[in-house]
Undergrad: 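Below is one structure. I have some questions about it.
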Protein chains: 2
Amino acid sequence: MAEDAVQNGRQRLADRVRLGLEREIVTGDLTPGTRLDETRLAERYEVSRTPVREALMQLAASGLIEMRPRQGALVAAIGTFQLAEMFEVMSELEALCARLAARRMTPAERDDLAALHEACAPYLASGDADAYYELNLRFHEAIYAGSHNAFLEQETRKIRLRVSPYRRMQLHRPGRLADSHAEHGRVVAAILAGDQELAGRLLKDHVAIQSGTFVDFLATVGGLPDRRPGSARPGRAHPGSARPDQPPKTRHRTG
Amino acid sequence: MAEDAVQNGRQRLADRVRLGLEREIVTGDLTPGTRLDETRLAERYEVSRTPVREALMQLAASGLIEMRPRQGALVAAIGTFQLAEMFEVMSELEALCARLAARRMTPAERDDLAALHEACAPYLASGDADAYYELNLRFHEAIYAGSHNAFLEQETRKIRLRVSPYRRMQLHRPGRLADSHAEHGRVVAAILAGDQELAGRLLKDHVAIQSGTFVDFLATVGGLPDRRPGSARPGRAHPGSARPDQPPKTRHRTG
DNA sequence: CCAGGCCGCCTTGTATACAAGAACGGCGAT
DNA sequence: ATCGCCGTTCTTGTATACAAGGCGGCCTGG
């Protein structure tokens with residue numbers, strides 16, 4: 001996915017390190033919880049610690065890693081509750097994208113979206129989850145772009161990037177691919193028809209379903225520690241219970 | 001000059017610089033477009049360039065400043081279209097907060113919210129816009145917290161922080177304070193009544209109205225350049241038109 | 001007089017050296 | 001033998017030195 005940045009030898013070292021780490025985290029080469037030692041990273045990327053630190057801070061800002069003062073950086077390990085929280089927001093943002101796309105997409109964009117959806121079908125049949133994953137990503141991004149709101153597009157992408165390390169695990173559940181594709185189909189139809197509300201609702205449910213299967217999966221696998229993000233921000237999170245009292249209301253399929 | 005952060009000798013220098021700059025930007029001491037020279041900032045804060053660079057990068061990640069490679073950092077100047085885009089997202093996130101708050105707030109939180117709302121009244125009468133601004137902020141944050149979704153709360157706050165340099169300008173419009181307070185009142189009522197949809201819709205409109213007056217204001221004042229954020233992210237934004245074809249659909253007051 | 005190119009300064013980007021806090025292991029005391 | 005204290009060592013945080021690129025001014029040519 002990053003071959004688009006290859007040709008550019010003129011980029012800052014810090015960016016090269018950041019992109020490299022980002023890729024390693026998203027693809028799962030670096031699993032959540034892994035400690036990131038500045039010196040070793042510097043050796044690995046053949047640069048000094050300065051650009052490494054720069055990259056780490058940017059990744060921390062994007063939420064992919066977590067930096068504890070005087071204790072170094074870890075690949076962010078997101079707890080199940082926090083993941084549920086993120087999906088709650090993401091489903092809403094994606095729904096907004098869909099609503100806006102339904103009313104703002106150009107005819108060309110609508111054609112592209114439909115084409116993208118249909119291009120998924122072969123991999124569905126062959127059960128090639130990784131290839132489907134790739135196209136699925138492009139499908140969702142096409143909807144983001146279709147919102148014609150660059151800020152929204154960026155924010156939504158950031159959140160998707162942030163949960164992607166976990167997303168990967170979940171794709172291989174039997175039957176999920178077909179369901180996902182069918183859900184996409186309904187979303188496409190609604191967008192093409194210009195039905196904002198329907199498109200929004202369908203996409204929201206689509207994301208929420210993934211959330212449900214996710215949380216199920218993580219919980220059964222043994223779950224992740226449910227620590228609060230509590231990053232550098234001094235602005236206190238509210239004191240009391242931070243969990244959603246009603247996790248995704250969409251009924252999700254059981255494992 | 002930074003006497004507010006003196007007492008705490010135990011925090012990292014970079015954090016001190018970041019907080020200081022954040023404050024200066026949000027309060028308007030540093031206006032959008034101002035160039036931020038690393039060396040001078042280092043002198044001003046009496047630290048070396050290293051923590052300054054760290055702070056700048058974090059601010060860039062949060063969107064408050066913009067870093068152009070090899071050309072230094074500027075306080076982010078947000079164009080009118082981009083601002084409209086941000087409000088489009090913000091209104092949706094705040095609406096989500098309100099919906100969730102309506103169904104998740106504890107009785108104590110509901111009481112606090114109502115109290116906060118009523119505490120605004122005196123400043124309304126006296127026309128003290130700055131004091132009202134402060135309480136207004138706390139009012140909105142109470143709703144964020146009431147969503148019981150820490151991630152949502154954080155994201156919404158980040159966006160609010162990011163637009164706050166512009167927000168300040170808009171408060172002094174005559175009559176706006178009273179309107180704002182009345183809108184808050186309806187939101188509180190809906191939340192206390194547990195009416196999710198109504199609370200969401202009301203808060204969304206409330207934010208959208210501000211968006212409208214904002215964009216009007218900026219446009220008349222002479223407008224800001226409409227440059228694309230185009231930050232460090234290499235992931236290309238979609239190629240074509242990025243502007244909302246229908247700026248906030250809520251009809252906003254003229255003047 | 002104006003335009004274009006060249007040169008030098010100033011800024012950012014990177015590397016390295018130094019200081020200070022935290023984890024870990026060893027040693028002693030109970 | 002186990003627990004706690006202390007020192008070592010490794011890591012991060014900060015400062016400074018060095019390199020490279022952009023911008024502005026100046027000079028020269030038309």
Side-chain angles (χ1 to χ4, degrees), chain A residues 5 7-22 25 30 33-61 64-77 225 227 230-234, chain B residues 2 5-22 25 30 33-61 64-77 225 227 230-234:
Chain A
Q7 63 214 10
N8 196 353
R10 281 309 86 186
Q11 69 183 336
R12 291 152 64 199
L13 299 183
D15 288 346
R16 187 162 62 80
V17 175
R18 178 175 56 79
L19 290 171
L21 284 175
E22 200 169 278
I25 293 171
L30 288 173
T34 304
R35 188 180 173 74
L36 299 170
D37 183 89
E38 295 178 0
T39 309
R40 294 177 75 113
L41 288 176
E43 288 171 12
R44 225 153 70 63
Y45 281 90
E46 296 179 300
V47 295
S48 82
R49 271 180 57 219
T50 308
V52 169
R53 278 181 67 81
E54 195 166 321
L56 289 179
M57 283 181 316
Q58 297 194 220
L59 289 171
L64 270 184
I65 72 174
E66 197 173 335
M67 295 188 76
R68 307 265 253 302
R70 284 281 181 197
Q71 287 176 240
L74 320 177
V75 178
R227 110 173 80 88
S231 61
R233 289 289 138 194
Chain B
V6 168
Q7 61 211 11
N8 194 354
R10 282 310 87 185
Q11 70 182 333
R12 290 153 69 203
L13 300 183
D15 287 346
R16 187 163 62 79
V17 175
R18 178 174 59 80
L19 291 171
L21 285 174
E22 202 168 276
I25 292 172
L30 289 172
T34 304
R35 187 180 174 75
L36 299 170
D37 184 272
E38 295 177 0
T39 309
R40 295 181 69 120
L41 288 176
E43 288 171 11
R44 223 152 73 60
Y45 282 91
E46 296 177 301
V47 297
S48 81
R49 274 180 55 219
T50 309
V52 170
R53 278 181 66 82
E54 195 165 321
L56 289 179
M57 282 181 318
Q58 296 193 220
L59 289 172
L64 270 185
I65 72 174
E66 197 174 336
M67 296 189 75
R68 309 265 253 299
R70 284 280 180 194
Q71 286 175 236
L74 318 176
V75 178
R227 112 172 78 87
S231 63
R233 292 285 139 193

Undergrad: Which residues pass the salt bridge (charged side-chain N to carboxylate O under 4.0 Å, His left out) test with A:Arg49, not counting sequence neighbours?
TA: A:Glu38
Undergrad: Reading nucleotides 8-19 of chain C from the 5' end, what letters show protein touch, with B for base, S for backbone sugar-phosphate only, - for no heavy atom under 4.0 Å?
TA: ---SBBBBBB--
Undergrad: Which residues satisfy the side-chain hydrogen bond (donor to acceptor under 3.5 Å, both in side chains) test with B:Ser48, sequence neighbours excluded?
TA: none
Undergrad: How would you list, by chain and number, every residue that makes a salt bridge (charged side-chain N to carboxylate O under 4.0 Å, His left out) with A:Arg44, sequence neighbours excluded?
TA: A:Glu24
Undergrad: Excluding sequence neighbours, so at least two apart, what forms side chain to side chain contact (heavy atoms under 4.5 Å, CB included) with A:Ala61?
TA: B:Ala61
Undergrad: With sequence neighbours excluded, tell me which residues meet side chain to side chain contact (heavy atoms under 4.5 Å, CB included) with B:Leu13.
TA: B:Arg16, B:Val47, B:Pro51
